[in-house]
Amino acid sequence: MIDVNILRNDFDAVKKMLTDRGSSIDLTAFSDLDSKRRQLITDSDKLKSERKSTSKQIGMMIGKGEDPAEIKARVAKMGDRIKEMDSELAQTEEELNDLLAGIPNILHDTTPIGAGEDDNVEVDRWGTPRDFGFEIKDHVDLGTALNILDFETAAKLTGARFALLRGDGARLERALINFMIDVHTEQGYEEVLPPFIVNGDSMYGTGQFPKMKEDVFKLEGLNYYLIPTAEVPVTNIHRNEFIEEARLPVYYQAFTPCFRSEAGAHGRDTRGLIRQHQFNKVELVKFVHPEESDKELEKLRNDAEEILKRLELPYRVMALCSGDISFAAAKCYDLEVWLPGQGKYREISSCSNFRDFQARRARIRYKGGKKKGLVHTLNGSGLAVGRTLVALLENHQQSDGSIQIPEALRPYMNGKETISK
RNA sequence: GGAGAGGUGACCGAGUGGUCGAUGGUGCACGCCUGGAAAGCGUGUGUGGCGCAAGUCACCGAGGGUUCGAAUCCCUCCCUCUCCGCCA
């Protein structure tokens with residue numbers, strides 16, 4: 001949620017942001033709704049104040065044995081009027097809130113302006129895609145041949161966009177999770193294991209609602225949802241709370257499965273593990289002092305990059321442009337790993353600074369002495385485990401179809417150096 | 001799932017229809033006292049909306065209702081605890 005004062009005082013900045021994002025939200029109703037709301041509050045409060053003092057008189061009259069019937073009737077009328085005004089106020093606030101909740105975050109000064117994916121700016125690159133010197137396979141062919149990936153059986157169990165990992169494949173996924181968590185623990189992140197099901201308030205708190213309702217799985221008959229990312233439960237740990245200023249920054253990491261209906265992605269990435277309804281992810285979440293969030297985003301990005309480096313996976317870092325950046329983010333870096341099977345760099349982590357956007361909505365504040373304010377929140381994948389497995393298979397494949405396990409991961413694979421038939 | 005008891009400010013805990021946004025205690029902050037500290041004494045100490053401000057309104061798990069007036073009464077829901085049942 002953006003600061004309503006920005007709309008009041010710098011309407012043009014908001015309009016510019018919407019243009020930059022290619023968003024077509026209509027803000028014309030704002031000004032009227034805003035002043036209508038303020039007027040209703042002023043009027044209703046005045047009447048409430050009057051009712052309060054008059055009601056006290058009634059109490060006193062009764063005490064003295066006088067008959068308050070006439071005043072009672074008057075206050076009853078006030079009460080009716082207050083009820084009318086308050087319901088009008090509630091309706092106005094709802095409209096205003098719907099409008100505000102639909103406005104994306106103000107962009108960071110350094111977020112590049114652009115129309116879409118193609119305008120993202122590469123800011124860094126690490127490693128060199130291997131020159132294989134043999135006919136390479138993609139992860140589906142590799143994994144199927146090694147009998148570590150089984151999509152057919154998963155389709156029988158559930159349906160499309162699910163996978164069954166077997167043997168060393170299952171082991172590799174688990175190894176990656178543990179490896180990532182251990183690295184991030186070194187980096188200072190507290191490990192948490194949250195519920196994988198959250199309520200509607202939590203979904204709203206991080207901004208998944210109301211925008212992306214159709215992308216999540218809802219439990220039938222309940223106000224419960226399968227988490228689309230650990231960001232939701234972890235950020236909401238501090239919803240409606242004050243964090244002692246001295247405790248900042250607070251770092252969490254969480255491994256969770258993530259569930260996405262991918263309603264808008266029919267026909268995209270249908271092959272293999274790239275886009276699944278369920279995938280594992282280790283997520284990094286930070287709550288920081290507002291002045292520190294720029295610096296913290298760089299650190300967050302480096303912390304995620306460290307995983308790719310240790311796994312010897314070539315990648316590049318993209319600064320997402322205004323037309324491609326997500327709704328709640330002010331600034332975002334995507335880490336894109338090289339996938340030989342596709343001959344492309346593909347997103348494997350998204351590291352975002354939301355500034356106070358989530359914190360305002362979820363009311364996450366810091367307090368130190370007399371000072372208080374909204375914290376800044378950040379998060380990033382560290383990393384998407386399924387896609388890491390894809391990258392690992394494809395980048396570390398050998399001419400005989402076996403997979404070389406990078407050294408950093410071997411302790412997690414019981415010392416194993418290769419996966420082969 | 002069944003039966004019962006509860007949810008009040010940072011915490012403990014009073015309050016069962018009216019000067020209660022809420023007694024008291026603990027904690028915390030500041031001041032006095034002290035060589036310094038402890039103890040003691042004094043003062044202060046919630047969040048949010050509206051308002052230039054003075055101030056005002058709302059909030060006692062959430063939402064509705066009754067009433068001139070609700071922390072207090074009624075209804076629905078959520079959560080916690082105890083016992084029983086069931087289960088990993």
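These values consider heavy atoms only, across backbone and side chains, with no hydrogens, waters or symmetry-generated copies. Order of the sequence lines sets the chain letters (A, B, ...), proteins ahead of strands, with each chain counted from 1.
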Q: In terms of side-chain geometry, is the basic nitrogen of A:R271 or A:D141 positioned less than 4.0 Å from the acidic oxygen of its partner?
A: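 Salt bridge: yes.
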Q: Between A:R8 and B:C50, is there a contact of a side-chain N or O with OP1 or OP2 at under 4.0 Å?
A: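 For A:R8, the contact criterion (side-chain N or O under 4.0 Å from OP1 or OP2 of B:C50) is met.
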Q: Could you give the distance separating B:C81 and B:U8 at their P atoms, to the nearest angstrom?
A: 14 Å
Q: Atom CD of A:E93 and atom P of B:G63: how far apart are they, to the nearest Å?
A: 13 Å
Q: Closer than 3.5 angstrom, by distance alone: can the side chain of A:D10 be matched with the main-chain N or O of A:I6 as a donor-acceptor pair?
A: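 Not a single qualifying donor-acceptor pair exists.
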Q: Of A:S55 and A:A73, whose closest RNA chain B nucleotide lies nearer the 5' terminus?
A: A:S55
Q: Atom NZ of A:K48 and atom C1' of B:G18: how far apart are they, to the nearest Å?
A: 19 Å
Q: Please name all residues satisfying salt bridge (charged side-chain N to carboxylate O under 4.0 Å, His left out) with A:E186, sequence neighbours left out, ordered by chain then number.
A: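 So A:E186 forms a salt bridge (charged side-chain N to carboxylate O under 4.0 Å, His left out) with A:R310.
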Q: Quick one: is A:T42 getting a side-chain N or O under 4.0 Å of the B:G51 phosphate, OP1 or OP2?
A: no
Q: Does any N or O in the side chain of A:K218 come within less than 3.5 Å of the main-chain N or O of A:L222, such that one atom is a donor and the other an acceptor?
A: yes
Q: Could you tell me how far B:G15 sits from B:C28 if I compare only their C1' atoms? Round to whole Å.
A: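 About 25 Å, rounded to a whole number of Å.
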Q: Determine the Euclidean distance between corresponding C1' atoms of B:A5 and B:G21; express it in Å to zero decimal places.
A: 27 Å
Q: Taking atom P of B:A10 as reference, at what distance in whole Å does atom CG of A:N240 sit?
A: 12 Å
Q: Please list, chain by chain and in numerical order, all residues satisfying salt bridge (charged side-chain N to carboxylate O under 4.0 Å, His left out) with A:D324, sequence neighbours excluded.
A: none
Q: Closer than 4.0 Å, any side-chain N/O of A:R363 to the OP1 or OP2 of B:G48?
A: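 So the side chain of A:R363 is outside the cut-off, no N or O lying under 4.0 Å from OP1 or OP2 of B:G48.
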Q: Can a salt bridge be assigned to the pair A:E262 and A:R275 using a cut-off of 4.0 Å between side-chain N and carboxylate O?
A: yes
Q: A:K52 near the nucleic acid: base, sugar-phosphate alone, or nothing, with a heavy-atom cut-off under 4.0 Å?
A: sugar-phosphate
Q: Rounding to an integer number of Å, can you tell me how far A:N97 CG sits from B:G48 C1'?
A: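 In whole Å, B:G48 C1' lies 14 Å from A:N97 CG.
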Q: Select base, sugar-phosphate, or nothing to describe what A:R360 touches, counting heavy atoms under 4.0 Å on all strands.
A: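 Here A:R360 touches no strand at all.
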Q: What I want to find out is whether A:E93 reaches A:R37 closely enough, with some N-O distance under 4.0 Å, to be called a salt bridge.
A: yes
Q: Please measure how far the P atom in B:C83 lies from the corresponding atom in B:G27, and state the result in whole Å.
A: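 To the nearest whole Å, 33 Å.
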Q: Can you establish whether the number of heavy atoms outside A:E84 located under 6.0 Å from its atom CD is more than 12?
A: yes
Q: In whole Å, what separates the C1' atom of B:U47 from that of B:A10?
A: 13 Å
Q: Which part of the nucleic acid does A:R74 contact within heavy-atom distance under 4.0 Å: base, sugar-phosphate only, or nothing?
A: nothing
Q: Could you tell me the separation between the CD1 atom of A:I41 and the P atom of B:C50, rounded to a whole number of Å?
A: 6 Å
Q: Using modelled atom types only, decide if a donor and an acceptor are shared between the side chain of A:T418 and the backbone of A:S420 within a distance under 3.5 Å.
A: no
Q: Over how many whole Å does the gap from A:Y224 atom OH to B:C77 atom P extend?
A: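 In whole Å, B:C77 P lies 14 Å from A:Y224 OH.
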Q: According to the Watson-Crick and G-U wobble definition with distances under 3.5 Å, which dot-bracket string, read 5' to 3', encodes RNA chain B, using [ ] for crossing pairs and | for pairs with another strand?
A: ((((((((.[[[..)..(.....]]]((((((.......))))))(((((....))))).[[[[[..)....]]]]])))))))....
Q: If the P atom of B:G49 is compared with that of B:A39, how far apart are they to the nearest Å?
A: 38 Å
Q: Just grab all the side chain to side chain donor-acceptor pair (under 3.5 Å) pairs involving residues 171-182 of chain A, residues at least two apart or on different chains.
A: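 Residue pairs passing side chain to side chain donor-acceptor pair (under 3.5 Å), neighbours aside: A:E173-A:N280, A:D182-A:Y412.
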Q: Rounding to an integer number of angstrom, what distance separates B:C73 and B:G7 when you compare their P atoms?
A: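 It works out to 11 Å between them.
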Q: Return the value, rounded to whole Å, for the distance between atom NZ of A:K72 and atom P of B:G18.
A: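 The answer, rounded to whole Å, is 15 Å.
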Q: What integer number of Å spans the C1' atoms of B:G17 and B:G85?
A: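 These two C1' atoms come out 41 Å apart once rounded.
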Q: Would you mind checking if A:R38 and A:D34 are paired as a salt bridge, meaning a charged N to carboxylate O distance below 4.0 Å?
A: yes
Q: Give the residues of residues 76-88 of chain A touching RNA chain B, defined as any heavy atom closer than 4.0 Å, sorted by residue number.
A: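 Those residues are A:A76, A:K83.
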Q: In sequence, state the C-alpha distance, the side-chain angles, and the governing distance for A:I181 and A:F255, and then conclude on side-chain contact (heavy atoms from CB on, under 4.5 Å).
A: CA-CA 8 Å; A:I181 291 176; A:F255 151 71; 3.8 Å; yes
Q: With a 3.5 Å distance limit and no angle check, can you tell me whether A:R301 reaches the backbone of A:C351 through a side-chain donor-acceptor pair?
A: no
Q: So does A:D215 pair up with A:R260, basic N to acidic O under 4.0 Å?
A: no
Q: In terms of the nearest nucleotide of RNA chain B, which residue is placed more toward the 5' end: A:R365 or A:E50?
A: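 On the 5' side of the pair lies A:R365.
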Q: I'd like a table of atom pairs between the protein and nucleotides 70-75 of chain B - only N or O on both sides, under 3.5 Å - with the distance next to each one.
A:
none

Q: Establish whether the base of B:G49 is bridged to the side chain of A:D45 by a donor-acceptor pair shorter than 3.5 Å.
A: yes
Q: Please state how far atom CG in A:L47 lies from atom C1' in B:G49, giving the value in whole angstrom units.
A: 17 Å
